[in-house]
Amino acid sequence: MFSAMNNGFSAFISLGAPAMMFFIITLLSLLFRVKLSKALEGGILIALALTGMGAVITLLTGAFAPALTQFVKSTGVSLSITDLGWAPLAVITWGSVYTLYFAAICITLNVILLTLNRVKTLNVDLFNIWNLSVIGLLTLYYSNSNLVLTTCVVGAVYVLMLINSDVMQPQIKALLNYDRNSITTTAHPSLLICPPVLAINELISAFIPFIDKYDFDAEKLNKKIGFWGSKFAIGVYLGFFVGLLGRLPMSELLSLAFTAGISLELFGTVGSWFGPAIRPLSDGIASMMEKRMKGRQIYVAIDWPILASRAELWAVANILAPVLLVVAILLPGNRVLPLGGILLTVLAPALLIITQGKVIRMTLIGTVLIPLFLWAATLIAEFVTKTSLAMHSFPEGMSHDRLFSSVDSDPLEKMLSILIAKTSVSLTPSMLIATLVSIIAYLGLFTWYVKRMKSLNATRFAVMPEIHHQEEP
């Protein structure tokens with residue numbers, strides 16, 4: 001019987017991530033009483049999104065591989081790891097059954113904490129559970145498959161996400177000019193970078209507050225830039241830059257530039273399908289929770305693009321793109337050439353919330369924090385590459401002896417989870433001390449951040465008008 005179950009499971013996995021997730025999302029949606037048509041819609045969309053993302057990754061890697069190889073050979077610069085953005089991690093995690101296990105753990109924790117009135121946030125952004133799954137899979141990988149430890153790490157990070165969502169909600173409400181009674185928030189894992197962002201912002205307020213006098217209207221700047229600040233244009237700049245680094249002939253250089261331009265745009269387009277794909281399931285869970293907790297104030301957490309209407313976010317993402325490239329070349333210990341994550345949308349939303357849209361502060365803080373993202377991407381490259389090979393999702397057009405990675409969210413959490421996992425295997429005094437100090441420092445910073453945010457929220461809403469008129473999404 002066990003053999004038959006194992007063969008059946010292996011056959012299911014062999015269908016590939018898109019087909020597998022089609023069945024899983026459809027069946028889960030039906031379980032939460034979503035209509036059959038909507039359940040099928042979500043399943044088909046997730047399959048199309050995974051298929052499309054794989055195609056775009058193949059296009060981008062096939063175009064960049066020759067230039068990057070030539071660049072490394074001709075310059076000796078050791079940026080030998082290709083950054084493909086968040087997409088490879090999403091493909092790997094959504095192709096793993098562990099992601100559903102982590103999702104079940106997180107949903108259970110959310111329900112328990114809501115029931116006990118320890119948090120106010122109901123996180124319906126189920127698609128982005130893959131960010132937590134990365135942390136979980138890293139812990140499994142480096143701890144020799146210690147599932148108990150992995151469950152504790154994922155659960156702890158998720159609890160911090162929910163607490164963070166609670167304390168950010170008033171700031172998001174003020175930033176987006178929502179009604180005072182708004183329940184909209186986001187629990188996106190990338191916003192766990194908010195504690196160090198707030199710490200640096202406080203230092204700026206203490207020592208160089210005068211920089212606020214030189215701030216500018218980002219919305220007007222974005223309108224002036226127009227096409228030249230779009231993803232198309234940024235991709236062209238990037239492709240042209242990499243082509244120059246690889247000393248390509250003009251015909252190949254221009255082809256690479258145009259391929260990079262369309263790839264960055266397609267990353268955004270295909271990436272936007274994931275949210276609608278998971279929405280029927282999210283709505284089903286939210287509806288069930290609402291029926292069971294009537295009369296309680298509950299924040300509903302959706303994806304971070306609720307912040308995308310603020311021009312400051314995109315202005316700073318555009319400003320930080322060339323900064324990221326320069327830092328990548330000069331930063332000791334970095335081996336990643338940033339490509340897919342060039343826009344740093346994993347950092348810009350946190351900068352926007354904490355500074356309340358002050359562009360100069362956002363740019364300074366972002367520049368200071370960029371090394372964390374590059375070091376984390378370098379650190380996880382071996383895991384990402386080997387896991388992708390094992391799951392038969394390795395990007396076509398890229399040599400199997402070449403590492404690739406992702407400049408993506410949660411750099412501190414990734415580094416900490418790897419440290420905890422390695423310590424569980426090698427229980428040396430030095431590793432134990434380093435791990436304990438790191439955990440204490442991380443939780444200490446988060447505790448300070450929560451207290452400071454509550455203080456800022458109290459101050460802001462003491463003077464906030466009763467009603468705003470902008471509608472929520």
Side-chain angles (χ1 to χ4, degrees), residues 52-88 225-271 314 317-332 334-346 367 370-371 373-374 377-378 381 384-385 388 394-408:
M53 197 59 74
V56 179
I57 292 171
T58 299
L59 174 67
L60 187 65
T61 54
F64 273 107
L68 293 174
T69 301
Q70 182 59 36
F71 167 65
V72 172
K73 286 181 180 178
S74 62
T75 64
V77 174
S78 56
L79 300 184
S80 55
I81 301 172
T82 307
D83 159 43
L84 298 179
W86 62 271
I225 294 175
F227 171 82
W228 304 106
S230 66
K231 292 177 184 177
F232 282 121
I234 290 171
V236 171
Y237 308 150
L238 181 61
F240 197 85
F241 177 69
V242 173
L244 288 176
L245 292 179
R247 301 179 183 179
L248 297 181
M250 183 57 67
S251 60
E252 294 180 26
L253 188 151
L254 290 173
S255 176
L256 178 61
F258 299 145
T259 301
I262 192 61
S263 294
L264 276 192
E265 185 66 29
L266 286 174
F267 269 130
T269 300
V270 177
W314 300 109
N318 290 335
I319 293 169
L320 289 179
V323 175
L324 176 59
L325 281 172
V326 173
V327 173
I329 293 171
L330 300 177
L331 183 66
N334 173 56
R335 294 169 53 207
V336 175
L337 182 62
L339 298 172
I342 193 69
L343 285 181
L344 278 179
T345 53
V346 293
T367 302
I370 277 175
F373 292 84
L374 291 170
T378 300
V384 173
T385 304
S388 183
F394 194 85
E396 295 180 17
M398 179 177 284
S399 173
H400 283 201
D401 61 356
R402 184 179 181 85
L403 295 176
F404 72 96
S405 188
S406 173
V407 176
D408 197 57

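In what follows, every heavy atom counts, from backbone to side chain, and hydrogens, waters and symmetry copies are set aside. Bear in mind that the values here come from a model prediction, so they are computed numbers and not experimental data.
By the 4.5 Å heavy-atom criterion applied to side chains, N334 and I81 are not counted as neighbours. Two residues are said to be in side-chain contact when any heavy atoms from C-beta on lie closer than 4.5 Å; L403 and V336 fail this criterion. Between L337 and D83, the closest side-chain pair of non-hydrogen atoms is not below 4.5 Å.
In this structure, T378 contributes its side chain and R335 its backbone to a donor-acceptor pair below 3.5 Å. Although no hydrogens or angles enter the test, the distance criterion places a donor-acceptor pair under 3.5 Å between the side chain of T385 and the main chain of F404. Side-chain atoms of S388 never come within 3.5 Å of backbone atoms of V384 as a donor-acceptor pair (strictly under, hydrogens ignored).
Applying the side-chain contact (heavy atoms from CB on, under 4.5 Å) test between L344 and each of D408, V323, V407 identifies V407 as the sole match. Just one of I370, I329, L324 meets the side-chain contact (heavy atoms from CB on, under 4.5 Å) condition when paired with P338; it is L324.
Note that CG of L320 and OG1 of T345 are 11.5 Å apart. Values are rounded to the nearest 0.5 Å.
For S405 against A377, the heavy-atom pair with the smallest separation is OG-O, 2.6 Å.
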